[in-house]
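The structure displayed is predicted, hence computed values, not measured ones.
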Amino acid sequence: MTRRKSIHIGEFKHANPIPNACRIGHLLMSGVILGRDADGRMPEKIEDQCANMFGHMKAIVEAGGGTTDDIIKMTVWLQDRSQRAPVNVEWLKMFPDEHSRPARHALQMDMENGALVQCDFTAVIG
């Protein structure tokens with residue numbers, strides 16, 4: 001049995017031969033999570049991309065044996081950093097308790113293929 005476990009979710013796959021996340025022991029780290037829909041299309045609106053991205057994040061942490069309560073850090077990249085409001089909408093849905101939210105960092109980055117937002121996260125499970 002290997003110590004490292006690749007985490008895959010069916011509705012969101014990377015184009016390259018890499019998993020959605022990897023877990024060793026209690027630590028789970030994701031790869032980049034985009035806001036594509038279940039059919040692999042990139043929605044035009046950042047609100048839709050954010051909703052998809054947070055849904056993928058939830059599915060990934062659950063596939064790794066955890067819950068969103070196990071997420072300790074999230075990094076978000078935005079095409080336009082002034083567009084944080086749609087991220088905050090989904091953030092507050094996922095993490096409504098202001099006394100129990102992960103750390104978060106937002107950066108601006110040029111993205112391709114219609115992406116307006118992407119993230120990665122770290123979780124500590126069990």
**OP:** Just grab all the side chain to side chain donor-acceptor pair (under 3.5 Å) pairs involving residues 101-125, residues at least two apart or on different chains.
**Re:** N88-R104
Original post:
Atom CZ of R36 and atom CG of D48: how far apart are they, to the nearest 0.5 Å?
Top reply: 15.0 Å
**OP:** State whether the number of non-hydrogen atoms from other residues, nucleotides or ligands found under 6.0 Å of H26 atom NE2 is greater than 12.
**Re:** no
Original post:
What distance do S30 atom OG and I9 atom CD1 have between them, rounded to the nearest 0.5 Å?
Top reply: 10.0 Å
**OP:** Determine yes or no for a side-chain-to-main-chain donor-acceptor pair under 3.5 angstrom, with D39 supplying the side chain and R41 the backbone.
**Re:** no
Original post:
If only atom types and distance count, is the side chain of N52 paired as donor or acceptor with the main-chain N or O of G35 below 3.5 Å?
Top reply: yes
Original post:
Are side-chain heavy atoms of F54 and V87 found at a separation under 4.5 Å?
Top reply: yes
Original post:
How many angstroms lie between atom OG1 of T75 and atom CZ of F121, to the nearest 0.5 angstrom?
Top reply: 11.5 Å
**OP:** In sequence, state the C-alpha distance, the side-chain angles, and the governing distance for K58 and E62, and then conclude on side chain to side chain contact (heavy atoms under 4.5 Å, CB included).
**Re:** CA-CA 6 Å; K58 182 178 186 292; E62 289 175 353; 2.7 Å; yes
Original post:
Does M111 belong to the same Ile/Leu/Val/Met/Phe/Trp/Tyr cluster as I33, with side-chain heavy atoms less than 4.5 Å apart forming each link?
Top reply: no
Subject >> Cluster check L34, M29: I/L/V/M/F/W/Y, side chain < 4.5 angstrom >> reply: no
Original post:
Once you round to the nearest 0.5 Å, how far does CG of L116 lie from CE of M42?
Top reply: 8.0 Å
**OP:** Taking the side chain as every heavy atom from C-beta outward, state whether F95 and S100 have any pair of such atoms under 4.5 Å apart.
**Re:** no
**OP:** Output yes when a side-chain donor or acceptor of R23 lies under 3.5 Å from a complementary backbone atom of G64, and no otherwise.
**Re:** yes
Original post:
If Ile, Leu, Val, Met, Phe, Trp and Tyr residues are connected whenever their side-chain heavy atoms lie under 4.5 Å apart, and connections chain through other members, are M74 and L92 in the same group?
Top reply: yes
**OP:** Measure from the side-chain N and O atoms of Q49 to the backbone N and O of P43, and report whether any donor-acceptor pair falls under 3.5 Å.
**Re:** yes
**OP:** Decide if atom NZ of K73 counts as having more than 12 heavy atoms of other residues, nucleotides or ligands within a radius under 6.0 Å.
**Re:** yes
Original post:
Taking C-beta and beyond as the side chain, do I7 and L28 meet within less than 4.5 Å on heavy atoms?
Top reply: yes
Subject >> Distance, nearest 0.5 Å, that separates SG of C22 from NZ of K5 >> reply: 10.5 Å
Original post:
Any side-chain heavy atom of P86 within less than 4.5 Å of one from I46?
Top reply: yes
Subject >> Side chain R81, main chain L78, donor-acceptor under 3.5 Å >> reply: no
**OP:** Treating Ile, Leu, Val, Met, Phe, Trp and Tyr as nodes and any side-chain heavy-atom pair under 4.5 angstrom as an edge, say whether W77 and I60 lie in one connected cluster.
**Re:** no
**OP:** Indicate, with yes or no, if V124 and V61 share a hydrophobic cluster defined by side-chain heavy-atom contacts under 4.5 Å among Ile, Leu, Val, Met, Phe, Trp and Tyr.
**Re:** no
**OP:** Flag the pair M109 / Q79 as yes when at least one side-chain heavy-atom distance between them is below 4.5 Å, and no otherwise.
**Re:** no
Original post:
Quick one: CG on L27 to CD1 on I72, what's the gap to the nearest 0.5 Å?
Top reply: 9.0 Å
